[in-house]
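Input: a single structure, listed below in structure tokens.
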Amino acid sequence: MSSARATALSSNPNEPQPAPASPAEPMRGARILLECLLEEGADTIFGYPGGAILHVYDELAKMRGRIRHVLVRHEQGAVHAAEGYARSSGRVGVAMVTSGPGATNTITGLANAYMDSTPIVVISGQVATHLIGNDAFQEADIVGITRPCTKYNYLVRDVHELAVIVKEAFYLARSGRPGPVLIDLPKDVSAQSCAFSYPSRVDLPSYRPSTLGHPLQVRRAVELMAKTEKAVLYVGGGVVASNGSAALLTLAERLNLPVTPTLMGLGCFPSGHELCLGMLGMHGTYAANMAMAKADLVVAIGARFDDRVTGKLEEFAKHATIVHVDIDPASVNKNVKVDVPIVGDAKSVLEQMLEVLPEGPAPGRDAWWNTLRTWQRDFPLSYRDEPGVIKPQALMRALAAITRGEAICATDVGQHQMWAAQYYPVRHGRSWLTSGGLGTMGYGLPAAMGAALAKPHRTVLLVTGDGSFQMTLQELATCVAENLDVKVVIMNNGCLGMVRQWQELFYSRRYSEVGMKFFPDFVKLAEAYGAKGLRATKPEELSAVLEEGFATRGVVVMDVIVSEEENVYPMIPAGAAHYEIVMAPDAGAAPPEPRDLA
Ligand SMILES: Cc1ncc(C[n+]2csc(CCOP(=O)(O)OP(=O)(O)O)c2C)c(N)n1
């Protein structure tokens with residue numbers, strides 16, 4: 001595109017800006033919506049225009065400089081970007097799309113945000129109210145379709161309701177257990193006018209999430225933690241969401257408690273801390289999983305007893321008294337029977353716990369720590385290097401070294417995600433973006449893009465797979481257009497590695513549709529998008545590629561060719577118990593013959 005045309009079509013912050021409209025003047029619904037977003041501090045929208053949302057885009061054009069719109073290349077990307085923005089910043093992310101296909105393209109993102117409790121507001125255009133139910137052009141019953149994958153959704157029927165609805169939507173998205181809220185805005189409503197005033201408070205009598213835990217239950221939990229030798233803190237994404245890391249650290253140190261974060265909890269406790277046992281769950285560390293199996297007390301904070309964490313439910317933490325701190329009462333006693341339920345915000349409850357901690361030195365837990373240290377020493381994360389090939393685990397270690405664990409790390413879904421979780425030391429909360437609940441391939445690049453916009457001064461790293469990357473790679477164009485600084489590392493094993501691993505282990509290595517037969521040249525592809533492309537195929541090339549990639553400003557795609565048939569270990573087979581954890585393949589077994597991955 002010529003630069004003159006590009007300038008004409010993009011926002012120019014140097015243009016004279018229209019003054020904010022006076023609240024007393026009647027405004028179109030489209031304008032009211034945008035003023036409401038600004039009232040909520042939402043100054044960045046990830047979106048894609050179309051017929052039903054045209055009035056809003058028209059108002060947007062008049063508000064250049066006051067609100068930033070990021071034109072994504074696919075609506076799924078808009079929602080994941082809003083998620084990445086929200087998770088890295090703690091603010092509510094916003095996406096905006098048109099009706100029909102624009103709206104249905106948001107479903108994966110909404111379901112993803114719902115599973116991972118991410119606060120976002122998605123605005124969808126809708127056909128005019130008199131056409132709703134008529135199978136009108138680009139009509140989809142998005143309120144019906146998204147009911148099971150949103151925390152709440154609205155169809156705006158009258159412009160007079162709009163400001164109240166936006167106020168409620170943001171409140172619902174960020175309060176209690178955070179989640180996605182959808183506002184469906186018919187075209188005629190966005191064209192109607194009324195006087196605008198933004199409500200100062202919400203009035204939702206039936207929705208009153210508790211923040212503070214019940215004081216007696218909090219005291220009981222603290223007494224149990226202080227007196228039970230074999231105790232473990234199992235901490236999840238709720239600690240990150242509530243900014244509870246500092247209180248968690250103090251609690252763990254004051255009571256000398258071992259800590260294991262879930263996949264979603266990575267970063268809420270310093271990974272290198274001596275009390276940290278490493279990640280819990282299907283591909284978690286031996287020490288973390290065995291600690292859960294043998295503990296007499298499990299204190300779950302902001303975690304939801306996901307099946308990838310509990311394994312076989314009847315065997316889960318069989319000997320343990322269970323304390324569960326969660327903001328969502330529906331999560332308590334859902335999968336696992338809890339002895340001490342505490343409904344409240346993780347940070348607030350942790351602070352309540354600190355207030356009632358007993359005086360005196362921390363409990364020694366000598367025998368328990370001896371056992372834990374033995375497990376850590378005897379069964380660390382390990383892999384075998386092979387000459388001439390880059391091992392995926394070595395790649396993750398190299399990424400940890402070059403970023404010193406200080407980057408915001410986004411991932412996609414598959415083996416690379418698990419190796420990143422195992423070997424990349426996430427040092428802080430809000431620095432780990434991954435699709436935990438839904439396991440959405442294609443989440444990574446748009447989420448990284450959202451984080452790069454929210455946190456322009458942080459290094460943003462995406463660890464992706466050759467399969468996942470191809471699901472949403474068109475957002476490279478958005479990243480380049482927005483001049484973002486994103487380092488994409490493709491762990492290229494030439495196949496859908498995690499599915500291949502399951503086919504190897506549970507289907508006698510009968511590979512079915514996991515080798516994709518054709519891959520684009522990712523270096524040329526990066527260049528075609530105006531990004532920088534680099535490739536490492538041998539161990540001796542890796543550090544030079546990473547050094548150049550991380551030293552180059554802008555969007556860089558590093559295609560790192562790794563060993564093909566490598567498996568993620570440890571692994572607790574689906575449905576097995578924690579103590580059935582498999583550490584590695586039979587060391588004495590002969591290496592298998594190469595097999596076609598078709
Ligand atoms: C949208 C979507 N489709 C299918 C799957 C099932 N799935 C889980 S992991 C995986 C393979 C991922 O391959 P790749 O991105 O190359 O990562 P690798 O496992 O090789 O690291 C697939 C197909 C999924 N999680 N998400």
Side-chain angles (χ1 to χ4, degrees), residues 74-77 79-80 83 104-116 149 263-264 281-283 306-308 383 389-396 399 409-424 433-448 461-476 488-507 509 511-522 525 557-569 571 573-574 595 597-598:
H74 188 290
E75 290 87 350
Q76 181 184 353
V79 184
H80 293 324
E83 290 182 89
T104 54
N105 274 348
T106 66
I107 303 301
T108 303
L110 286 167
N112 194 77
Y114 190 58
M115 292 284 272
D116 286 346
C149 60
L263 179 69
M264 294 305 292
M282 181 175 269
H283 294 295
D306 174 82
D307 57 276
R308 286 294 192 260
Y383 64 94
V389 283
I390 302 172
K391 285 285 181 147
Q393 301 90 332
L395 167 62
M396 302 310 160
L399 290 172
C409 181
T411 78
D412 260 301
V413 171
Q415 291 183 309
H416 62 276
Q417 176 190 32
M418 292 300 128
W419 279 314
Q422 290 178 339
Y423 289 94
Y424 187 83
L433 313 176
T434 202
S435 170
L438 199 64
T440 307
M441 289 170 72
Y443 166 84
L445 181 60
L461 158 68
L462 165 64
V463 179
T464 182
D466 40 71
S468 294
F469 186 52
Q470 293 189 68
M471 289 214 167
T472 50
L473 63 76
Q474 69 278 11
E475 300 308 337
L476 281 177
V488 178
V489 173
I490 306 174
M491 190 205 84
N492 189 342
N493 54 9
C495 63
L496 301 174
M498 187 55 96
V499 180
R500 187 209 55 71
Q501 171 166 346
W502 283 55
Q503 290 179 349
E504 175 185 333
L505 300 180
F506 309 115
Y507 296 86
R509 209 162 163 245
Y511 292 144
S512 178
E513 302 299 327
V514 287
M516 285 192 276
K517 298 188 185 80
F518 170 79
F519 284 97
D521 178 329
F522 290 116
L525 191 110
V557 177
M558 290 162 263
D559 184 21
V560 181
I561 314 299
V562 301
S563 43
E564 202 174 65
E565 282 190 279
E566 186 76 24
N567 290 335
V568 184
Y569 287 109
M571 179 175 189
R595 186 168 287 189
L597 285 174

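For ligands, and for the atoms within them, numbers begin at 1 and follow the listed sequence. The figures that follow rest on heavy atoms only: side chains count, while hydrogens, waters and symmetry mates do not.
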All side chain to side chain contact (heavy atoms under 4.5 Å, CB included) counterparts of Ala448, not counting sequence neighbours: Ala410, Val460, Leu462, Val486
Side chain to side chain contact (heavy atoms under 4.5 Å, CB included) involving Tyr569 - partner list, sequence neighbours excluded: Leu505, Asn567, Met571, Val582, Pro585
Side chain to side chain contact (heavy atoms under 4.5 Å, CB included) partners of Met115, counting only residues at least two apart: Leu438
Which atom of Ile107 lies closest to which atom of Thr104, heavy atoms considered: CG1-O, 3.0 Å
Would you tabulate the polar-atom pairs, meaning N/O of ligand 1 against N/O of the protein, with distances under 3.5 Å, reported to 0.1 Å?
{"residue": "ligand 1", "atom": "15 (O)", "partner": "Ser468", "partner atom": "N", "Å": "2.7"}
{"residue": "ligand 1", "atom": "15 (O)", "partner": "Ser468", "partner atom": "OG", "Å": "2.7"}
{"residue": "ligand 1", "atom": "16 (O)", "partner": "Asp466", "partner atom": "N", "Å": "3.4"}
{"residue": "ligand 1", "atom": "16 (O)", "partner": "Asp466", "partner atom": "OD1", "Å": "3.3"}
{"residue": "ligand 1", "atom": "16 (O)", "partner": "Gly467", "partner atom": "N", "Å": "2.8"}
{"residue": "ligand 1", "atom": "16 (O)", "partner": "Cys495", "partner atom": "O", "Å": "3.2"}
{"residue": "ligand 1", "atom": "17 (O)", "partner": "His416", "partner atom": "ND1", "Å": "3.2"}
{"residue": "ligand 1", "atom": "19 (O)", "partner": "Gln415", "partner atom": "N", "Å": "2.8"}
{"residue": "ligand 1", "atom": "19 (O)", "partner": "Gly497", "partner atom": "N", "Å": "3.4"}
{"residue": "ligand 1", "atom": "19 (O)", "partner": "Met498", "partner atom": "N", "Å": "2.9"}
{"residue": "ligand 1", "atom": "20 (O)", "partner": "Asn493", "partner atom": "OD1", "Å": "3.2"}
{"residue": "ligand 1", "atom": "20 (O)", "partner": "Asn493", "partner atom": "ND2", "Å": "2.9"}
{"residue": "ligand 1", "atom": "20 (O)", "partner": "Cys495", "partner atom": "O", "Å": "3.3"}
{"residue": "ligand 1", "atom": "20 (O)", "partner": "Gly497", "partner atom": "N", "Å": "2.8"}
{"residue": "ligand 1", "atom": "21 (O)", "partner": "Gln415", "partner atom": "N", "Å": "3.2"}
{"residue": "ligand 1", "atom": "21 (O)", "partner": "His416", "partner atom": "N", "Å": "2.9"}
{"residue": "ligand 1", "atom": "21 (O)", "partner": "His416", "partner atom": "ND1", "Å": "2.8"}
{"residue": "ligand 1", "atom": "25 (N)", "partner": "Gly439", "partner atom": "O", "Å": "2.8"}
{"residue": "ligand 1", "atom": "26 (N)", "partner": "Gly439", "partner atom": "O", "Å": "3.4"}
{"residue": "ligand 1", "atom": "26 (N)", "partner": "Met441", "partner atom": "N", "Å": "3.3"}

Non-hydrogen atoms of Glu513 and Leu496 that approach each other most closely: O-CD1, 3.9 Å
Closest approach of Met418 to Leu263 (non-hydrogen atoms, all atoms of both residues): CE-CD2, 4.0 Å
